[in-house]
2 protein chains.
Amino acid sequence: MRQIETHPSPHQIEPAHRYIYDFADGRASMADLLGGKGANLAEMTRLGLPVPPGFTVTTEACRYYLRSGRLPAGLNAQLAEHLATLEDATGRRLGGLDEPLLVSVRSGAKFSMPGMMDTILNIGVCDATVDGLAKLYGDERFAWDCYRRLVQMYGKTVLGVPAERFEQDLIRAKVRKGLAANAPDTDLDADALRALTRHYQQTVRECTGQDVPQNPREQLTGAVRAVFESWNGERAHVYRRREHISEDLGTAVTVMAMVFGNLGADSGTGVGFTRDPATGAPGAYGDYLTEAEGEDVVSGVRNTLTLEQFGAIDPASHAALRGHMTRLEEHYHDLCDVEFTVERGKLWMLQTRVGKRTAAAAFRIAADLLDEGRIDEDEALARVSGDQLAQLMFPCFAPTAAAAVTPVAFGVAASPGAAVGRAVFDSADAAERAAAGEHVILVRRETNPDDLPGMIAAVGVLTGRGGKTSHAAVVARGLGRTCVCGVESLEIDEHAGTATVARGQAAGAVIHRGDVISIDGTEGAVYASEIPVVPSPLVEYFEGRQTEKQGPSGQSVRGADPVIAAVARLLAIADRRARLGVRANADTPADAARARRFGAHGIGLARTEHMFLGERRPIVERLILAETPQERARALNQLLALQRADFTGLLAAMDGLPVTVRLLDPPLHEFLPDLTELSVEIAVADATHRPVEPERRRLLAAVRRWHEENPMLGLRGVRLGLVVPGLYAMQVRALAEAMAARRADGGAPVAHVMIPLVAEVRELELARAEAIRVLREVDPRLTASIGVMIELPRAALTAGAIAKHAEFFSFGTNDLTQTTWGMSRDDAEGAFFPAYLEQGVFAASPFGTVDAEGVGALVRIAVERGRATRPDLEIGVCGEHGGDPESIHFFHDAGVDYVSCSPFRVPVARLEAGRAAVLAERAAQGAAVGSDTR
Amino acid sequence: MRQIETHPSPHQIEPAHRYIYDFADGRASMADLLGGKGANLAEMTRLGLPVPPGFTVTTEACRYYLRSGRLPAGLNAQLAEHLATLEDATGRRLGGLDEPLLVSVRSGAKFSMPGMMDTILNIGVCDATVDGLAKLYGDERFAWDCYRRLVQMYGKTVLGVPAERFEQDLIRAKVRKGLAANAPDTDLDADALRALTRHYQQTVRECTGQDVPQNPREQLTGAVRAVFESWNGERAHVYRRREHISEDLGTAVTVMAMVFGNLGADSGTGVGFTRDPATGAPGAYGDYLTEAEGEDVVSGVRNTLTLEQFGAIDPASHAALRGHMTRLEEHYHDLCDVEFTVERGKLWMLQTRVGKRTAAAAFRIAADLLDEGRIDEDEALARVSGDQLAQLMFPCFAPTAAAAVTPVAFGVAASPGAAVGRAVFDSADAAERAAAGEHVILVRRETNPDDLPGMIAAVGVLTGRGGKTSHAAVVARGLGRTCVCGVESLEIDEHAGTATVARGQAAGAVIHRGDVISIDGTEGAVYASEIPVVPSPLVEYFEGRQTEKQGPSGQSVRGADPVIAAVARLLAIADRRARLGVRANADTPADAARARRFGAHGIGLARTEHMFLGERRPIVERLILAETPQERARALNQLLALQRADFTGLLAAMDGLPVTVRLLDPPLHEFLPDLTELSVEIAVADATHRPVEPERRRLLAAVRRWHEENPMLGLRGVRLGLVVPGLYAMQVRALAEAMAARRADGGAPVAHVMIPLVAEVRELELARAEAIRVLREVDPRLTASIGVMIELPRAALTAGAIAKHAEFFSFGTNDLTQTTWGMSRDDAEGAFFPAYLEQGVFAASPFGTVDAEGVGALVRIAVERGRATRPDLEIGVCGEHGGDPESIHFFHDAGVDYVSCSPFRVPVARLEAGRAAVLAERAAQGAAVGSDTR
């Protein structure tokens, strides 16, 4: 009511100029403007839940500030008005000497984001108000505790004082009182806290030349500005690039009246989940701590109570909380987490959001909510992800073994998997031991590019500092190494080669260089012993080997089968929803059979080069060394018989489904010995007058002749097919004969012939004509679809012409990435990827997730031009991106027909193919709604 | 008149169904429909010149035939009608027993084209008419000569009998008469020719199972069909691909009443040019042969008369001819060549066209016609080409020396230049002698892919067979080797290692393996001795060293200076007309100065890597091996001083014009020794217990560390700049200090900094920020344009984002071609280029002429997106395509601002830049006219 009275001028009411919303005026759908935190607080307020009064400064104000460097005109006036409303609602005044109002200031972007300033509590306390605060709550110690916390938080987050400086002050304060350094802060009395406050102020001045403002309004605007500015912090930038969050969103700032959980035994603070976030099991779940503020719960210094125990000591608050939580879950149709505080017996809800959960819980919750009729199938699919499914498919620590051992520490689960190895503390040691065959885990305070050889050598990486976007995390994910980072309770001394557990139950335990440790990159757990690793129960299930008692995520799953059932159910839904088909990259009948068990509908890529290795290498060598057509024909004939058997096996394993055979792609010299090694061998033999077989010299001559400076850009793919007489004809003949044999056996072989590395349509014309000729020679009734890999920029650009001679396209996104970027994966990953990831050139390796702007532009061009020529052109993807969730969504949007990936990734691809259909449909609806409103 | 009477039905008059035009109904502008030959015959007829009556079957009829395999409905009827007109005009009848009509059938596409069927004479003679023919001309011998020629030509070109078979029959006929094998055909009397005709008919039957038809109408339609079908001959296909002639044009067929030059002393045949096609000098020029048909003039069996001598024996015909030639040149405003025949004192004009000419003549004629007011400046530019200018800039045989020696043979001038070396007859011999330091010329009957090593080793290639599109010609041009091919008068015995001159003045001369020979790839001449090679007089002129007495094309120029004057004049016109600027790729002050003398307006590419070689290599090695920041800084400082001097020199040489410095691009390991060689060296030393310096082992370790599988796709370009601390900063500092030094000396330095191998805008942002920082550090007043090489597909695709941080783009079309096609030039040229050129995958090497469809598509995308972001973006090309005429036209059309090429190519680029403007303007006008008519 008052608000309306104080806002009489029309321009204040005009939405474009409204920079602040009271909680009562917002709702959950306004996250764009109010951030996630502010929108959810508004929603709780709207639902009638007990939320302390407050308001949110919009992201629009932030954007204005970031653009101009100034707060928008009118913001200060609006701040004053909303503060006045808040003061009226609480009956207190910011800066008031008698009943001072204290507020918290929190950032709240649309998406939660590490690296952004989080929270400043107790804004409003200062020399002038601290006594009034003491009087108001009848607790002097409390008042000075509030003050010293303000100075600490403001000093750290607004003014940038290193946290350790305050830590040192605190320890000194305890020592001065004759307390142990790790004594609880509650042991400090009012006097000690007053002195500590002054020391903190002194520290701030020393570090920054500034003071925490004494004027509470200045504190408030300072905090708001700091939140705004933290949007542009380097870590936040890097995070947004990685997560594809727009730089333009900005953050909101929420200002809320403080309530206190540290006002005695009838006060406290806690967190709650409406379902178990670890397993997804139904039933509320949470922690409560009496006489505490929020940060104390998280820090783990004191033991928390369960929600049941909270109910025993404060049944009324507990009942109210359970009621609110039920209401929230019913309202959000999802697992919610909440933060709450009890101030002298009165429950306040401080925050809620849709809660984070483990991969296993995500599947179980989605399936349960579907069962409960709370969400529909599309929503259930939207609630899970391929990354989560992939986590459930990693080998994991044996549940019983892990359950029997307590982790010594926890950190950020930065790169999934379960790794066991000897702790090493520097890169050289890691490389040396790895070279000697040991499994090692590299333990570093933090990593930098010099650690790269060690990270490559290690099976896992463990760091004391840094989050999901730290060097260690980013590089480990890029390398596929398990990583736990930011384990702050470990004191790592690289020089001494020790990691000491500083806190928690295992405090004092020391890991020495060479000790076997285990790290769980999915959970963030660190074990000081060897934990046995077992295959994922989910994989065992897919393979038909599921034992009844195990859960898919290993030790963290309580009650196993519901998760597997949930995965199976959601995969079935995904299969129904998907437009993208899923095939597998498989070169052997065993791989093909596995892929089929995992749900692949055919083989999208059978690499014939793998069939040229092993015991057949000598035949390939003879082919390359052949000096007469007769010698060459003999070698080709031997290969023909072997290839026929290969193809027969593949066609049998995928009977009735397409098997896409790529004709030989790599440069022939890959089948020959290494030039340098062979040169050294023969030179040394000659120098020491040892005899050298003439065959060996002939081999060296051949290696020299076939040597290429840049084999990736050399004589390979269709070029080989056009230059080496009879090679492709032999392969097509083997395939044709295998089809004929399968037919004779009553099978239903479906073969596709794929021509690699085509740049110009004429190459395809020639290779295709030869393939058709050979097929007809073997049996005029045989038909095979003949298509082309699109893996060179030129093929994409000239796809219109190429489609005239191709029944299908298959994007080889690996090579396409290599040529579009002009970098070979092998050479680049060691040489400059780490630097590039650090400097933000890549958000993610373009070999992991398809580069939508560059490579993706070529994919779209090829799809469009190819279909313009041949509307029924079948288009697939057979590069490694075919199994990457984000890439799958891109391919769905680009109009691709199927993706092909390794058998192990097939379930992930199936799930994401379904999700891509759902999310694209929603985006289209959203866009349609959006355009309606214009 | 009669024609109108016989065409009463309306559908015959409707243009779409008119497949035949009498000469009187056509004109020169109808070459699309009538082919070049038919259109020019029509034009001469229209001008009132004495052309034998005839008609032309249109290209439309050909296209119909090629599409459907059938002659279009109505064609036969039209043929009958036009034949009747012809019969009326001549008073003779095709197949008539008394006064039989004989006609010639000739192909005539819009563009003349090797590989197409050319001419069949004497259609109409057969057993039934040969006596009537004899009676008509009163010459039985003549009649049988016509008959045997028909059987021979029809057998060869329509039925495909090998020419040698007729040669053998002819020799046998002479032997039977007791004549020498090389006696003139005129020594055969009527009986002998009758017998020969029968032998020829027998030969045709043996080879083909068919007869030359006895029905003259069948002869005629058979010949027409054969001409149509020859459009699809493999050689014609290859030629059209190479010359970018559309496959859809088809050819016309011209049918003309025969006139005979072989009817006695008052008959003859000749060719004429309205100016000297060798030098461009004014004045008619030609050859005449009495008692001969056209082919006899060309074959060179008998000595021809000059036009003056012709005037002496037949003043009337000569005067008429001179009149007609003058009339034609006035009409066509260009050098015309003509073929004519005198039949018993009556002159007939059989063909005319704008005449071929040497490069020197082209310039002189264009300038002369401009002087004479016949053509304007634009037309003068259109009449010459960069390829011709380039020919004038090749080193050539010393004119006096060449003039003193008569070539032993002539062939097709397939790849320009002057080459001197020892004749070798196989590839291995060539490679061996070349390895020993000899200059060799590879002499082969024809070449195939096995000859490639020999062609690479040789300075020139000489073949006995094949034209401009033969393997030898195509590959030699690709390799930049001088080549004369198709020297049919040389009998090449590769086994014996000899080449014997079979005809002409030098008949009987033998070139043996190891003899020094000289070949002129611009003229097609072969000399059996060493001719001294001198620099091109035109280059001497550009360099300011022009001597007054020499002509620019060496021995073939009579009267030197006019050609140089013409070139200079046309270049000046081109400079005025050009929109594209021309800069040079130059790395040294000397190159820069030469480029400036050749007319470059700045340096478009200074490659700093060349500055890192030679005596500086040890410093670069120290930089790479540096183990401490201090060692690295020391090496960088040494390089700094040297680079500063480099840049000062370049800026001085190009004072006032832009100097574009590309920061270091190639992988650092290019400055280190070869891995295999160094490995062998150390392994051998170790095996033989010789001491190895520790420095050497350290070097090997570094070589191993920096070794890359695909250096082209590895750590190079901006990647180096971002990963090797201080490297780019050192280079920018050197440039900035050089600018400051030049300014202090009163110079006007204009520096551009170019960042190579950018794929992603962030790379550019980082490198640019560093460059700007360093520039400001050196002198805050210094400014330099900072831009980027567009040489990766991704840079082109994301050009919109990149242009935000780039003041200029420069296309590195070499690398862009490598990545767009996925092939490295070095690896591909030996491995599969020859096969690809042969199989028609490439029309020309995409490294020589920009691939407009693939690479060009990326160029257009980058120009469009870059300019959308930054309308004033300066866009250049600094790859080797910058000096290629066809590519220059593409770049003009694509909206590029300048090209940069090697200093030597600068005049070519200037000329083509002007021509591109003229031709694009004409094309636009043509398109506008075209759209007006719709």
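The candidate with the highest count of non-hydrogen atom pairs below 4.5 Å against chain A, out of B/Leu792, B/Leu715, B/Val841, is B/Val841. Ranked by heavy-atom pairs under 4.5 Å with chain B, the first of A/Ala687, A/Ala795, A/Ala801 is A/Ala687. Considering only heavy-atom pairs separated by less than 4.5 Å from chain B, the leading option among A/Asp851, A/Ile682, A/Leu858, A/Leu720 is A/Asp851. By number of non-hydrogen pairs under 4.5 angstrom with chain B, the leading residue of A/Gly717, A/Pro711, A/Ala685, A/Ala857 is A/Pro711. By number of non-hydrogen pairs under 4.5 angstrom with chain B, the leading residue of A/Glu760, A/Glu708, A/Arg719, A/Glu763 is A/Arg719. Most heavy-atom pairs under 4.5 Å with chain B, from the set A/His707, A/Arg762, A/Glu791: that is A/Arg762.
Nearest heavy atoms, B/Ala759 versus A/Trp821: CB-CE3, 3.5 Å. Residues B/Thr819 and A/Gly822 share a closest heavy-atom pair of CG2-CA, 4.0 Å. Here the shortest heavy-atom pairing between B/Gln818 and A/Leu713 reads O-CD2, 4.4 Å.
Note that CD1 of A/Ile861 is 4.5 Å distant from CD1 of B/Ile861, once rounded to the nearest 0.5 Å. A/Glu709 CD to B/Arg825 CZ: the interatomic distance, rounded to the nearest 0.5 Å, is 15.5 Å. Separating the OH atom in A/Tyr836 from the CG atom in B/Leu722 is a distance of 4.5 Å, to the nearest 0.5 Å. In this structure, OG1 on B/Thr676 lies 10.0 Å from CD on A/Glu677, to the nearest 0.5 angstrom.
For a residue to count as touching a neighbouring chain, one of its non-hydrogen atoms must lie under 4.5 Å from one of that chain's; by this rule A/Ser679 touches chain B with backbone and side chain alike. Looking at B/Thr798, only its side chain comes within 4.5 Å of chain A, counting heavy atoms on both sides. For A/Phe842, no part lies near chain B; criterion is any non-hydrogen pair under 4.5 Å. With a 4.5 Å cut-off on non-hydrogen atoms, A/Val724 does not touch chain B at all.
Using a 4.5 Å cut-off on side-chain heavy atoms (C-beta onward), A/Glu853 and B/Leu797 make no contact.
Not a single donor-acceptor pair under 3.5 Å links the side chain of A/Asn710 to the backbone N or O of B/Ser824.
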